[in-house]
Protein chains: 2
Amino acid sequence: MTKSNTSRSTLHQTILADLERKIVSGEWPPGHKLPFEVELARSYEVSRMTVNKVMTQLTKAGLIERRKRSGTFVAKPRGQSAILEITDVEAEVRALNLPYSYKLMSSVIRKANRHDAALLEVPGTTDILEIRALHMAHGEPFCLEERLINLGTVPEAAHAPFADGPAGAWLVQRVPWSAAEHKIFAITATADIARLLEIAARVACLLIQRRTWSTAGPVTFVRFTYPGEKHAIVASFTPAAG
Amino acid sequence: MTKSNTSRSTLHQTILADLERKIVSGEWPPGHKLPFEVELARSYEVSRMTVNKVMTQLTKAGLIERRKRSGTFVAKPRGQSAILEITDVEAEVRALNLPYSYKLMSSVIRKANRHDAALLEVPGTTDILEIRALHMAHGEPFCLEERLINLGTVPEAAHAPFADGPAGAWLVQRVPWSAAEHKIFAITATADIARLLEIAARVACLLIQRRTWSTAGPVTFVRFTYPGEKHAIVASFTPAAG
DNA sequence: CAGTGGTCTAGACCACGAG
DNA sequence: TCGTGGTCTAGACCACTGG
C-alpha cells in the first residue's frame with residue numbers, strides 16, 4: 001500500500017499535532033490512558049511504526065509516560081523540564097537538603113492595569129490574581145516570588161488554596177503549558193526586596209522572569225528574585241542528546 | 001533477517017555514537033562528505049531506515065547538514081545552538097543593530113595554578129592561555145570576557161590571532177565541543193570590573209560562566225560579565241519541539 | 001506467561017534540487 | 001533528468017513487566 005500526501009505536512013507530524021492538542025488542551029488529562037500503539041495505528045490508518053515515531057517524540061518531550069505491559073499514559077505535567085526546572089523552587093531547596101517552607105504574603109484579585117496587561121499580554125478588562133510569596137530554606141528567605149495569574153484563562157485559580165503551597169505547583173498540576181519564556185537579569189536589590197530577603201540594600205540579585213502560555217491563552221507571569229552570588233542557574237548540554 | 005542484540009545498546013545508538021565520534025574528533029572535519037545512506041547501511045550491515053534514524057538525530061543535533069541530490073556533510077560547527085547562543089557576543093551585539101568591535105586587553109601563557117586547575121579540571125602542570133578582552137557595542141563596553149584555554153587540548157591556540165577577533169569564534173571553528181556547562185550568577189561589580197565596563201561601582205552584573213569539553217578533554221573556561229539590568233538572557237520553550 | 005513497547009528489516013514511493 | 005534524502009509500510013523478533 002502506498003501513500004499520497006494529501007495535506008501539507010507528514011503523517012507523523014499530523015498525528016503528533018493531534019495527540020499533542022488532546023493532551024495540552026486537557027481533553028486527555030494527566031494520568032489518562034492512551035490507546036495502544038496498534039489501536040492508534042488502526043484509527044489513524046497508518047502503520048505501527050509511524051505511530052511509534054510519534055510516541056517516541058512525545059516521550060522525549062515529556063508529555064507521555066510509557067510502561068511496558070501496562071500502556072501509555074499522559075504524564076503528570078511536571079510542566080517544566082530540563083532548564084525550566086530552575087523555577088521549581090521547592091525542588092531546588094530540597095536538592096540542597098534544606099527544609100523547605102512557603103509563606104504567602106499577599107493575594108489580591110483585581111482588574112489588570114496597564115502594566116499587568118503588558119506583562120501578561122491580556123486586555124485591561126481581565127481579572128487577574130496577584131500573589132506575593134516567600135520561599136524559605138531552613139527558615140530563611142530563599143527566593144521572593146511575585147506572580148500574576150490570568151483569571152480569564154484559569155478562573156478556578158481564584159479559589160485555590162495558595163496559602164498552603166506555591167502557586168506554581170498548583171498551576172502546573174492543572175494547566176498544561178504549551179509555551180514558556182524565560183528572561184534572566186541581574187538587578188540591584190531595592191530597599192523593599194532587601195528587607196523581604198533579609199539582605200543588605202543594593203546587593204546584586206538574580207531575577208528570573210517567566211511567562212507561560214497554554215493553548216487557551218496567557219496563564220501566568222512570575223518573577224523570582226534570588227539573593228545574588230549565593231544562587232546560580234546551571235545548565236548542561238551535549239550536542240546530540242539523542 | 002533477524003537481529004540478536006549482541007552489545008548492550010541498540011543498533012542506532014551504536015551507529016550514532018560512532019558517527020558522532022568521527023565528527024567531534026575531527027576525523028571527519030567540517031565540510032566532509034559522509035557516505036550515502038545506502039552505503040552506510042551496507043557498511044554497518046543494517047537497513048537503510050536504521051541509518052536514516054541516526055542521520056535524522058544528527059541533523060536535529062546540528063552536527064550534519066543534508067542536501068538532497070548532493071549528499072550529507074559535516075556541519076560547520078556553529079558550536080553552539082539554542083540557548084548556548086547567549087555567549088556568541090558578537091551575534092548578540094549585531095542583533096541589537098549596533099556596530100561591534102573587540103579589544104584584546106591581555107593574553108598570557110603560563111602554567112595552570114591551583115585556581116585554574118579547579119576551574120578547568122586540569123592538572124597543575126598544564127599550560128594554559130589566559131585572555132582578557134572587551135566586547136564593544138557602538139564603541140562602548142558591552143561585555144567583559146575572561147577566558148582560560150587549555151593548551152593541553154588545543155595547543156595551536158598558543159599562536160592564534162586573538163588580537164583580531166574573539167577567541168570564542170576561533171575555538172568554535174576548530175574545536176568541536178562535546179559537552180558544555182553554563183552557570184549564571186548575579187554579582188556586584190568590583191571596582192576593577194566597574195572601571196572596565198565603565199559603570200558605577202557596586203552595580204549588579206550578570207555573570208555567565210561557561211565550561212566546554214571536547215572528547216579530548218577540557219577546552220576552555222570563560223566568564224562573561226554584562227552590566228546588569230541592561231542585559232537579559234532570554235529562552236523560549238515548547239514542550240514538544242519535535 | 002502473555003501483552004506491550006522497543007527495535008529492526010526489506011522494500012517502496014515521492015519530492016526535491018543539483019547538474 | 002535522476003539520484004538523494006524523506007517518508008511510510010507490513011511484518012517480525014525481543015525484552016521487559018504486570019497479572
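Letters A, B, ... mirror the listed sequences (proteins, then strands); counts begin at 1.
In this structure, A/L34 places its CG atom 9 Å from P of C/dG5, rounding to the nearest Å. Separating the CZ atom of A/F73 from the C1' atom of D/dT17 is a distance of 13 Å, rounded to the nearest angstrom. Between the NZ atom of B/K53 and the C1' atom of D/dT9 there is a distance of 15 Å, given to the nearest Å. Protein atom NZ of B/K33 is 14 Å distant from nucleotide atom P of D/dG3, rounded to whole Å. Going from atom CZ of A/R66 over to atom P of D/dG18 covers 15 Å, rounded to whole Å. The CD-P distance, from A/Q13 to D/dG6, rounds to 12 Å in whole Å. Atom pair A/M55:CE and C/dT4:P shows a separation of 13 Å (rounding to whole Å applied). The distance between atom CZ of A/R67 and atom C1' of C/dG3, rounded to the nearest whole Å, is 15 Å.
The side chain of A/S47 has D/dA10 as its nearest neighbour among C/dT7, D/dA10, C/dG5. Among the nucleotides C/dG6, D/dT9, D/dT7, the one closest to any side-chain atom of A/N52 is C/dG6. Of all nucleotides listed (C/dC8, C/dG3, D/dG5), C/dC8 comes nearest to the side chain of B/L11. With D/dT7, C/dT9, D/dG18 as the candidates, the nucleotide lying closest to the side chain of A/M49 is C/dT9. Of the candidates D/dA10, C/dT4, D/dG5, C/dT4 carries the atom nearest the A/F36 side chain, counting heavy atoms from C-beta on. Across D/dC8, D/dA12, C/dG17, the shortest atom-to-atom separation from the side chain of A/R48 is found for D/dA12. Closest to the A/K68 side chain, of the nucleotides C/dG17, D/dG18, C/dT4, is C/dT4.
In this structure, B/P35 and A/V51 both approach DNA chain D, and ranking their closest nucleotides by distance from the 5' end singles out B/P35.
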Can I get a per-line list of side-chain donor-acceptor pairs under 3.5 Å for residues 28-37 of chain A, giving both atom names and the distance, sequence neighbours left out?
{"unit_1": "A/W28", "atom_1": "NE1", "unit_2": "A/H32", "atom_2": "NE2", "d": "3.4"}
{"unit_1": "A/E37", "atom_1": "OE1", "unit_2": "A/R48", "atom_2": "NE", "d": "2.7"}
{"unit_1": "A/E37", "atom_1": "OE1", "unit_2": "A/R48", "atom_2": "NH2", "d": "3.2"}
{"unit_1": "A/E37", "atom_1": "OE2", "unit_2": "A/N52", "atom_2": "ND2", "d": "2.8"}
{"unit_1": "A/E37", "atom_1": "OE2", "unit_2": "A/R66", "atom_2": "NH1", "d": "3.0"}
{"unit_1": "A/E37", "atom_1": "OE2", "unit_2": "A/R66", "atom_2": "NH2", "d": "2.8"}

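Here the CZ-CG distance, from A/F162 to A/L171, works out to 5.0 Å after rounding to the nearest 0.5 Å. In this structure, CD1 in A/I128 is found 9.0 Å from CG in A/L119, a value given to the nearest 0.5 Å. One distance of note links OG1 of A/T220 with CH2 of A/W213; it measures 11.0 Å at 0.5 Å rounding. The CG atom of B/L16 sits 12.5 Å away from atom OG1 of B/T50, with the distance rounded to the nearest 0.5 Å.
Applying the 4.0 Å criterion to OP1 and OP2 of C/dA2, one finds that A/R69 has every side-chain N and O outside that range. Proximity of A/S70 to the phosphate of C/dT4: no side-chain N or O atom is located under 4.0 Å from OP1 or OP2. For D/dG6, the OP1/OP2 oxygens have no side-chain nitrogen or oxygen of B/T56 closer than 4.0 Å.
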